[in-house]
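First the structure, in the form of structure tokens, and then the observations on it.
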2 protein chains.
Amino acid sequence: MTKPPQAGSDDTTAERLRSIPEASVARLAVYLRMLGELVEQGAETVSSDELAAVTGVNPAKLRKDLSYIGSYGIRGVGYEVSALQHRLELALGLNHRQAVALVGIGNLGHALAGYGGFSGRGFPLAALFDIDPDLVGIHINGILVEHVDAIPAVCSEREVTIGMIATPGPAAQGVCDLLVTAGVRCILNFAPVVLQVPREVELRKVDLAVELQILAFHVARRNLNGGQPSSLNGHVVNGSGGLEA
Amino acid sequence: MTKPPQAGSDDTTAERLRSIPEASVARLAVYLRMLGELVEQGAETVSSDELAAVTGVNPAKLRKDLSYIGSYGIRGVGYEVSALQHRLELALGLNHRQAVALVGIGNLGHALAGYGGFSGRGFPLAALFDIDPDLVGIHINGILVEHVDAIPAVCSEREVTIGMIATPGPAAQGVCDLLVTAGVRCILNFAPVVLQVPREVELRKVDLAVELQILAFHVARRNLNGGQPSSLNGHVVNGSGGLEA
DNA sequence: TGTTGTGAACTGTTTCACAGCA
DNA sequence: TGCTGTGAAACAGTTCACAACA
């Protein structure tokens, strides 16, 4: 570790968490998923080279990422799979469930609401909201769709910590404001707009149109290069991930 | 510009495209969307400060991003909105349509297939594939769902340049290989697995589970900090974007 | 011996600050 | 005068290479 350990502090204090680079956090989640698969396959230990190979990252980068959470591998051997898994869950804050609210039950919202992977991964869908009277009152996967006006009351009551916005663009800012009012401090935005939030709110964005345009850019570049890979070409560029169909 | 202009080369040559940083490409797509809205609002010109404000980036960064595509703003005035829009479209390779194939018509696949924003933005959905006999043969939004075995033939024939994978994890690699065989060189992966592709294939990933885990990490950190924003807190962290519900 | 953990070098990105121009 | 375009500085993230050690 870079810093001398504080007397009496353990390895999952705010000190440590605060210092993990954003880019590493994203990869830690990927390592965690792979460790789950390794556990199923009955693996006891895994080396940084092996784990790096299956997650598609550079082994040195993986070791550095793990060093941020102070994981102790065994030199000459590797990492104990289930111990590392546990450590990653702690570091990512997956030890307590995070209730999720989803606003906007359109095309994408339906898909998200029907996605089984949330509760399984510690993110139970606690509430669904829409503004359409035809949708309010129906159940999706056993969850009642409520009116957006109920967001503040319902979210506070059910202690929602994460909000997902899958509304049309023009409605997103209003919905976002309601979530913030309700005390939601982390928001995942699927609407194609730039949301304004107070400093203390964490906002992430998933923008399909942008993803496609980035790919289109690479198609264009490749064509200009006569189909030859350039220094920028090849392999995974982004790392985010995974909604099962 | 940094490099002396080549005689006879115009501003959208491979030379220039090759040198745009990856991070800038993602933001150019966001600027382009905002310019579209400005055009609708009848704006003639826009300054870097204004455009930066609505897209949530630093004005200097925006100007540097635009400098990569050699855009000529007018000093003392700003950028001519529609000229800039046109230049961005060229730089991002949006001047010719890119046919898109979508594989996996499950929960998410349905949502993607039903999303109207593709064709409108120059990405017509040219083919849908699934392995489920109950789905093969039906139409979604007027597009026939075909069997995955038909991927190589159909994709080559319809000159598909971009593939989207929305299958369950275990099926994704096989589908990916088929797309690559069919000559698809850009793939957007929604399945929660790490795909292996040849060097010349551009792969991007959208992973919802990871997005949520990153948010969970921030919830955890915030709680440890006693609810006070830290240096890392606040505002947009990621920038990708936009599937309307 | 084989693999971790990490300083140090490197590469890429962001921000600053200001010269240059309409 | 006001805003763009861009060197240069600062910062962040990645990769290298090797000492430390089970």
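This one's a predicted model, so the numbers in the text were calculated from it and none came from an experiment.
Note on B/Lys64: every side-chain N or O is 4.0 Å or more away from OP1 and OP2 of D/dT6. For the pair A/Asn58 and D/dC16, the criterion of a side-chain N or O lying under 4.0 Å from OP1 or OP2 is met. In this model, the phosphate group of D/dT14 is approached by a side-chain N or O of A/Arg27 to a distance below 4.0 Å at OP1 or OP2. For the OP1/OP2 pair of C/dT3 and a distance below 4.0 Å, the side-chain nitrogens and oxygens of A/Ser48 include no atom meeting the criterion.
Nearest to the side-chain atoms of A/Tyr79 among the listed nucleotides C/dT4, C/dT6, D/dT6 stands C/dT4. Nearest to the side-chain atoms of A/Pro21 among the listed nucleotides D/dG13, D/dT14, C/dT15 stands D/dG13. Distance from the side chain of B/Tyr72 is smallest for D/dG5 among the nucleotides C/dT4, D/dG13, D/dG5. Nearest nucleotide to the side chain of A/Ala23, out of C/dC16, C/dT4, D/dT14: D/dT14.
With rounding to whole Å, A/Glu50 atom CD is found 14 Å from C/dG2 atom P. Taking atom CD1 on B/Ile20 and atom P on D/dT6, their separation rounds to 14 Å, with Å as the unit. Protein atom CG of A/Leu62 is 13 Å distant from nucleotide atom C1' of D/dT14, rounded to whole Å. In this structure, CG of B/Asp49 is placed 18 Å from P of D/dT1, rounded to the nearest angstrom. If you measure from atom CG of A/Leu84 to atom P of C/dG5, you get 10 Å, rounded to the nearest angstrom. Atom C1' of nucleotide C/dG2 and atom CG of A/Leu51 are separated by 17 Å, given to the nearest angstrom. Look at CG on B/Asp65: it is 13 Å from P on D/dT6, rounded to the nearest Å. Taking atom CG on A/Leu66 and atom P on C/dG5, their separation rounds to 7 Å, with Å as the unit.
In this structure, the separation between CG on B/Leu28 and CG on B/Leu62 is 8.5 Å, given to the nearest 0.5 Å.
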For each nucleotide in nucleotides 17-22 of chain D, reading 5' to 3', give B when a protein heavy atom comes within less than 4.0 Å of its base, S when such contact involves only the sugar-phosphate, and - otherwise. B--BBB

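B/Cys186 pairs in a side chain to side chain contact (heavy atoms under 4.5 Å, CB included) with only one of the listed residues (B/Glu202, B/Met164, B/Arg204), which is B/Glu202.
Side-chain contact check for A/Thr45 versus A/Tyr79: every heavy-atom pair is 4.5 Å or farther apart.
Under the salt bridge (charged side-chain N to carboxylate O under 4.0 Å, His left out) criterion, the residue pairs touching residues 64-79 of chain B are B/Arg27-B/Asp65, with sequence neighbours excluded.
No side-chain N or O of B/Ser48 forms a donor-acceptor pair with one of B/Glu50 less than 3.5 Å apart. With 3.5 Å as the limit, one finds no donor-acceptor pair spanning the side chains of B/Glu22 and B/Ser24.
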Does A/Thr161 form a side-chain hydrogen bond (donor to acceptor under 3.5 Å, both in side chains) with A/Gln98? I'd like the steps, not just the answer. CA-CA 6 Å; A/Thr161 51; A/Gln98 311 275 2; 2.8 Å; yes

